[in-house]
Amino acid sequence: MSEFTVGESDFLLDGRPVRLLSGALHYFRVHEAQWRHRLEMLRAMGLNCVETYVPWNLHQPGPGRFRDVRAVGRFLDAVREAGLWAIVRPGPYICAEWENGGLPHWVTGEPGTRARTRDERFLFHVRNWFRPLLHEIVPRQIDRGGPVIMVQVENEYGSYGSDADYLEQLAELLRVKGVTVPLFTSDGPEDHMITGGSLPGVLATVNFGSHARAAFETLRRHRPGGPLMCMEFWCGWFDHWGGEHVVRDPGEAAGALREILECGASVNLYMAHGGTSFGGWAGANRGGGELHEGPLEPDATSYDYDAPVDEYGRPTEKFWRFREVLAEYHPDPLPEPPPLPDPLGSPTEVALTEWAPMSDVLEALGGEETVTPVPPAFEELDVARGLVRYEVSVPGPRQPYPLTVRGLRDLAVVYVDGERAGVLTEEEPRLKEPVAGPARVELWVESLGRVNYGPRCGEAKGITGGVLHERQYLHGVRARGLDLDAFDDGLEAVPFGALSGDGAPGLYRGTVTVRGAGDARLELPGWTRGFVWVNGFALGRYWSVGPQRSLYLPGPVLREGENEVWVLELQEAGPGPGAPRLLPV
């Protein structure tokens, strides 16, 4: 057992100065069977530590209900076996381009609860969550023979709030629950962020992508002593649906890394390996400048991040450039990278043979239908990720008038008397053609990911205002939700029939026969937007707007021979969509 401490100017391991060369790798974005390979890749790059967030909403889908919290402990055990240290960032808020910044929808949607403050209702939920979570972390601290050397208090809180009492209560909670390793905070290198997000007596670190000397000078104005560390060195960036694929020049990034280390600082590469936001867990951002109040920008399923280890676990040019820099801080030669995982043996097409319309899927897997005066939000229907069908009647007879959805989040496919009438968004919430009464209107509203950063984190999804015909609200709204978690129990209740020849929205089922199972990419030519499962494993969202053109399918998900594939197309697949196909990575 060892002791890891924070000295006047260095991190100390059993009293000896050490430099942390860390890299972010999220266990929840990597298939568990591939953890070992990815950790070995980090060691081969020259890292001695791995950092991970813990997403609360992934592990607690509802009050008193927990889902595989032990995965945190299994990952930390894998870290120890790989010969690395671990930095754990348990939140409760994590950002991470993850749904709602990791906060459960049932917490942020609870009336009266003020997330990320000293509000007792919020802290009550945090305490209940930290109880099982810290049971996985505390026994695996370095002073108990484990790999955990530091634990974060909240995350970039200075970018959000200034409730020092809240931060103090979180730090005290971590200590009371048994955290003995150093605590730390991390914030942008700006005065208001450091003052709002740091705590006296707790190590303060900063996050940035360049200009290390200037960033550390700002930190030193607030903290004259203690080790310097860039807790998030943004060596790449993430993608938004409908945007451009973001890349960073490897040589320029390596130069920025070298500057950090020349300052005598420790570093955590964000990301060392980004992985994939499987299961539809990708979050969203608000554009429109520094205040993050603008249009919704949904995050892509791929979290490749232009990281040195790419989404498929392969070393990139950035990997080798970083390895050259990091090797200078190791007395011995670095280990060679492990062999790459086996790719799929050969391309093969998916044979989709069955189809069920969206109404039948909703009837089989959806929640209970409600009838309310105004549309309920997703949170009121307990829908975390997925969609809601709203039905409302336009009374009549009356003249054609515009139909508008106030407070739409995020996207609605609209049908009038069973015929598709258009697709609405926040920016274009009005149907192009007016609607006459009487008429029956269906609005299939999809969440494209809850905001994970900024003042609008935690905002409700669905129709948060109302449906208007001209200026008149339409009441008596029927609503029924379809949560993606409903697919976890299989499709036995879904009444499948023959394929729709027109590429209609709905749930498609079929098989793909594999010879030489291994890492693959799934392409869906001609399909528009939806989700895919292979052997019950949720790959995530696909969307024809790009920039992502395929979904990563980890080799451990596939099996030799026949594999089952489900495709939930939410808008249209066609006309005449191509067969989905698997390609080697």
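Just so you know, these numbers come straight off a predicted model, no measurement behind them.
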Please collect all side chain to side chain donor-acceptor pair (under 3.5 Å) contacts where either partner lies in residues 461-471, sequence neighbours excluded, each pair once. R398-H469, D410-K461
Under 3.5 Å, is there a donor-acceptor pair between the side chain of R89 and the main chain of E51? no
So Y270 and F238, ring pair (Phe, Tyr, Trp, His ring centres under 6.0 Å) or not? Walk me through it. CA-CA 11 Å; Y270 194 96; F238 52 91; 9.1 Å; no
Looking only at the aromatic ring of each residue, does the gap between the centers of W281 and F28 stay below 6.0 angstrom? no
Can you tell which of Y542, F487, F278 makes a ring-ring contact (aromatic ring centres under 6.0 Å, His included) with W533? F487
Hey, what's the ring geometry for H59 with W129, parallel, tilted or perpendicular (30° and 60° as the breaks)? parallel
Apply side chain to side chain contact (heavy atoms under 4.5 Å, CB included) to A307 and list each qualifying residue two or more places apart in sequence or on a separate chain. M271, Y305
Run the numbers on Y93 and Y160 for ring pair (Phe, Tyr, Trp, His ring centres under 6.0 Å), then give the verdict. CA-CA 11 Å; Y93 162 83; Y160 177 82; 7.1 Å; no
Are a donor atom and an acceptor atom from the side chains of N100 and T108 found within less than 3.5 Å of each other? yes
Restricting to side-chain hydrogen bond (donor to acceptor under 3.5 Å, both in side chains), what partner residues turn up for T218, sequence neighbours left out? none
Could you list the residues that satisfy side-chain hydrogen bond (donor to acceptor under 3.5 Å, both in side chains) with D483, not counting sequence neighbours? none
Centroid separation Y552 to Y303 less than 6.0 Å: no
Is there any side chain to side chain donor-acceptor pair (under 3.5 Å) pair reaching into residues 190-204, and which pairs are they, with sequence neighbours excluded? D191-R221, D191-H222
Hey, what's the ring geometry for F233 with F322, parallel, tilted or perpendicular (30° and 60° as the breaks)? tilted
Sequence neighbours excluded, the answer for ring-ring contact (aromatic ring centres under 6.0 Å, His included) partners of Y53 is H26
Pair E97 + R29: basic N to acidic O under 4.0 Å: no
Looking at D187 and Y157, would you say the former's side chain and the latter's main chain have a donor-acceptor pair under 3.5 Å? yes
Between E99 and R450, is there a side-chain N and carboxylate O pair less than 4.0 Å apart? yes
Quick check against the 3.5 Å criterion: does T404 have a side-chain atom that pairs as donor or acceptor with the backbone of L468? no
Please determine if R116 and D163 form a salt bridge, counting it only when a charged side-chain N lies under 4.0 Å from a carboxylate O. no
Can you label the angle between the W234 ring and the W237 ring as parallel, tilted or perpendicular, going by 30° and 60°? perpendicular
